[in-house]
A.B. asks: 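Can you keep this structure in mind? I'll have questions shortly.
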Amino acid sequence: MNTVKEIPLDYVEELLNVGIALSNTHDLESLLELILSESRRLTMADAGTLYLVQDKRLKAITAQCQTFVERWGVQTAHSLFRSFSVPIDNSSISGRVAVQKRVINIKDVTKLPEEEQHNKDFDNATNYSTKSILAVPMLNPDEQIIGVLQLINTEGEGGTEFFSENQEKIAMALASQAAVAIQNTMLTQNLQKAHLDTIQRLGLAAEWRDKETANHITRVAYYAAIIAKKIGWDQEHVDLIFNASPMHDVGKLGIPDEILHKNGPLTAKERQIMETHTIIGANILKKSPSDYMQAARTIALYHHEKWDGTGYPMGLSGTDIPLEARIVAIADVYDALSSRRCYKEAFPHPKVMAIINEESGKHFDPELVDVLIEEIDAILKIGLQYADRPEDFEKFRSYQQITVEDE
Ligand code: C2E
Ligand code: SIN
Ligand code: SIN
Ligand code: FE
Ligand code: FE
């Protein structure tokens with residue numbers, strides 16, 4: 001970076017440290033706050049606004065003002081900020097910076113000619129006096145404008161009330177580092193959002209086909225997350241299973257209506273076709289580098305394997321079955337038993353628990369059965385919150401009355 005060479009040595013280390021902090025900050029909101037507070041600190045600016053280019057305009061994403069914090073406290077100062085946007089043209093200072101891709105450094109805005117005046121609405125509304133403005137373009141490595149960093153009212157070097165040449169260079173160096181960090185963060189967030197979006201769509205599509213299970217996938221996701229947390233998974237993996245488990249039955253999209261919606265027990269032939277929903281699901285989710293999709297695929301493929309090796313499609317047993325699939329297996333069956341299906345009524349809670357217990361070490365990993373029992377209050381709460389219909393609500397309520405009477 002050329003500009004760094006011209007910056008006084010004592011600032012270079014500061015800038016490097018800020019650069020490191022920026023590259024370690026991965027959520028956009030904290031990143032923008034950090035960019036603004038660090039650039040204010042290094043230029044001794046009282047206030048500042050950070051704009052990003054969105055929908056071909058400059059949108060003010062975040063603003064900070066020390067004077068307001070002193071006047072009203074952090075909370076009120078923060079709540080004063082209302083997002084606004086300006087066009088990318090010469091009608092505003094920040095707009096000009098974006099169009100011209102160069103710094104504008106104004107010593108005293110009150111002395112500008114009428115046609116170049118900055119917008120005074122804000123000053124008038126808040127009784128604030130803007131004097132010096134330093135507005136710096138944020139350019140990505142391809143020299144495209146991605147935002148503008150606008151700093152206001154510096155204490156200045158040696159008591160001047162305007163931004164010095166050094167401060168201008170520091171702000172520019174920081175703005176270009178910031179641009180890279182913002183772009184990386186946005187790319188990652190967009191990717192994650194796209195993946196989550198796909199996941200939700202797929203899950204919803206499967207749910208929509210399988211009309212009897214309105215809230216099934218949501219409940220199963222919560223149950224699986226509760227179990228994963230209890231066995232000590234870190235938050236990142238808990239989030240992973242929460243987001244991946246909704247796709248466990250996505251392969252049911254490939255099962256014909258006559259079978260999927262059959263009002264009664266399946267024939268052996270129909271059952272065989274039904275069981276392919278695991279393999280169909282894994283094929284739908286096959287080719288993706290994303291952690292979510294990988295986990296979702298594993299879960300779709302193995303969620304009907306059984307601890308004793310009598311499940312499908314592979315007949316895996318014990319710990320050969322991936323843990324995330326063992327977790328979803330118990331969450332899924334607990335929910336299937338507790339809910340109405342086109343082929344069965346919802347079972348009362350004691351019967352559900354009797355079946356789960358009976359299947360410990362047969363269908364289910366016995367350790368996970370213990371965990372489910374330990375976490376049953378949290379699980380029942382989710383069942384209530386995402387209940388399908390009044391009958392389910394009644395069932396959970398009557399169970400709670402039973403437990404109260406037992407005490
Ligand atoms: P599902 O309805 O989501 O059920 C998931 C799993 O919960 C079942 O996997 C089974 O392990 C368990 N489960 C559900 N109901 C009962 C029950 O009444 N008793 C016991 N002990 N376990 C139960 P499974 O059996 O591999 O079935 C996979 C899917 O196949 C089911 O998903 C459902 O969509 C369909 N299916 C299974 N049996 C029938 C049936 O008799 N008629 C119809 N129409 N569909 C069925
Ligand atoms: C602008 O004129 O750049 C927008 C408003 C402001 O000056 O703070
Ligand atoms: C964990 O231990 O946090 C995750 C293990 C797994 O994904 O199987
Ligand atoms: Fe299934
Ligand atoms: Fe299911």
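Since the structure is predicted, the reported quantities are computational estimates derived from the model, not experimental observations. Both backbone and side-chain heavy atoms feed into the values below; hydrogens, waters and symmetry mates do not. Indexing begins at 1, ligand by ligand and atom by atom, following the structure's order. Sequential numbering from 1 along the given sequence is applied to the chain's residues.
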A.B. asks: So do D332 and H216 actually touch side chain to side chain, heavy atoms under 4.5 Å?
C.D. replies: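 Answer yes - side chains close enough.
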A.B. asks: Identify whether the distance between the nearest side-chain nitrogen and carboxylate oxygen of R271 and E275 falls below 4.0 Å.
C.D. replies: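 A salt bridge is present here (some side-chain N lies under 4.0 Å from a carboxylate O).
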A.B. asks: Numbering the atoms of ligand 1 from 1, which are under 4.0 Å from a heavy atom of D332?
C.D. replies: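 Result: 5 (C).
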A.B. asks: Would you mind counting protein N, O or S atoms that sit less than 2.8 Å from the Fe ion (ligand 4)?
C.D. replies: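 For the Fe ion (ligand 4), the figure is 4.
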A.B. asks: For A336, counting its heavy atoms only, list the atoms of ligand 1 lying under 4.0 Å from any of them.
C.D. replies: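 Matching atoms, with element in brackets: 4 (O), 5 (C), 7 (O), 14 (C).
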A.B. asks: Backbone or side chain, does any N or O of Y343 fall under 3.5 Å from an N or O of ligand 1?
C.D. replies: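 Yes; the residue has a nitrogen or oxygen that sits under 3.5 Å from a nitrogen or oxygen of the ligand.
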A.B. asks: Could you list all the ring pair (Phe, Tyr, Trp, His ring centres under 6.0 Å) pairs where at least one residue sits in residues 357-378, not counting sequence neighbours?
C.D. replies: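 Qualifying pairs: none.
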A.B. asks: If I apply the N/O under 3.5 Å rule, does H216 come out as touching ligand 1?
C.D. replies: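 No, H216 has no N/O under 3.5 Å of an N/O on ligand 1.
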A.B. asks: Mind checking whether H303 and H277 have ring centres under 6.0 Å apart?
C.D. replies: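 H303 vs H277: aromatic centres under 6.0 Å.
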A.B. asks: Near F347, which atoms of ligand 1 are under 4.0 Å from a heavy atom of that residue?
C.D. replies: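 Those of ligand 1 that fall under 4.0 Å from F347 are 17 (C), 18 (O).
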A.B. asks: Touching ligand 1 at all, G264? Heavy atoms, strictly under 4.0 Å?
C.D. replies: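 The answer is yes: ligand 1 sits under 4.0 Å from a heavy atom of G264.
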A.B. asks: Out of all atoms in ligand 1, which are within 4.0 Å of some heavy atom of L337? Include the element for each.
C.D. replies: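 What qualifies from ligand 1 is 16 (C), 17 (C), 19 (N), 20 (C), 22 (N), 23 (C).
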A.B. asks: Please identify each residue that fulfils salt bridge (charged side-chain N to carboxylate O under 4.0 Å, His left out) with R41, with sequence neighbours left out.
C.D. replies: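 R41 satisfies salt bridge (charged side-chain N to carboxylate O under 4.0 Å, His left out) with E14, E38 once adjacent residues are dropped.
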A.B. asks: So does V369 get a backbone contact from the side chain of S360, meaning a donor-acceptor N/O pair under 3.5 Å?
C.D. replies: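 No, the answer is negative, given that no donor and acceptor are paired below the 3.5 Å cut-off.
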A.B. asks: Under 3.5 Å, is there a donor-acceptor pair between the side chain of K101 and the main chain of E143?
C.D. replies: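 Yes; at least one donor-acceptor contact below 3.5 Å.
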A.B. asks: Please enumerate all residues that pass ring pair (Phe, Tyr, Trp, His ring centres under 6.0 Å) together with Y128, with sequence neighbours excluded.
C.D. replies: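 With neighbours one apart ignored, the set is F68.
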A.B. asks: Report the member of M274, R271, H277 with the shortest heavy-atom distance to atom 38 (N) of ligand 1.
C.D. replies: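 Ranked by closest heavy atom to atom 38 (N) of ligand 1, first place is R271.
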A.B. asks: Backbone N or O of E161 within a donor-acceptor pair of the T154 side chain at under 3.5 Å?
C.D. replies: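 No; zero donor-acceptor contacts below 3.5 Å.
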A.B. asks: At under 4.0 Å between heavy atoms, is it the side chain or the backbone of K252 that contacts ligand 1, or both, or neither?
C.D. replies: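 For K252, only side-chain atoms sit under 4.0 Å from ligand 1.
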A.B. asks: Test your reading of the model: is there a side-chain donor-acceptor pair from D308 to the backbone of E359, 3.5 Å cut-off?
C.D. replies: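 No, the answer is negative, given that no donor and acceptor are paired below the 3.5 Å cut-off.
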A.B. asks: So is I259 touching ligand 1 or not, going by heavy atoms under 4.0 Å?
C.D. replies: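 Yes; I259 lies near enough to ligand 1 that a heavy-atom distance drops under 4.0 Å.
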A.B. asks: For atom 44 (N) of ligand 1, state which one of K262, H363, H261 supplies the nearest heavy atom.
C.D. replies: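 Looking at heavy atoms only, K262 sits closest to atom 44 (N) of ligand 1.
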A.B. asks: Do K262 side-chain atoms and P265 backbone N/O form a donor-acceptor pair below 3.5 Å?
C.D. replies: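 Confirmed, K262 side chain pairs with P265 backbone.
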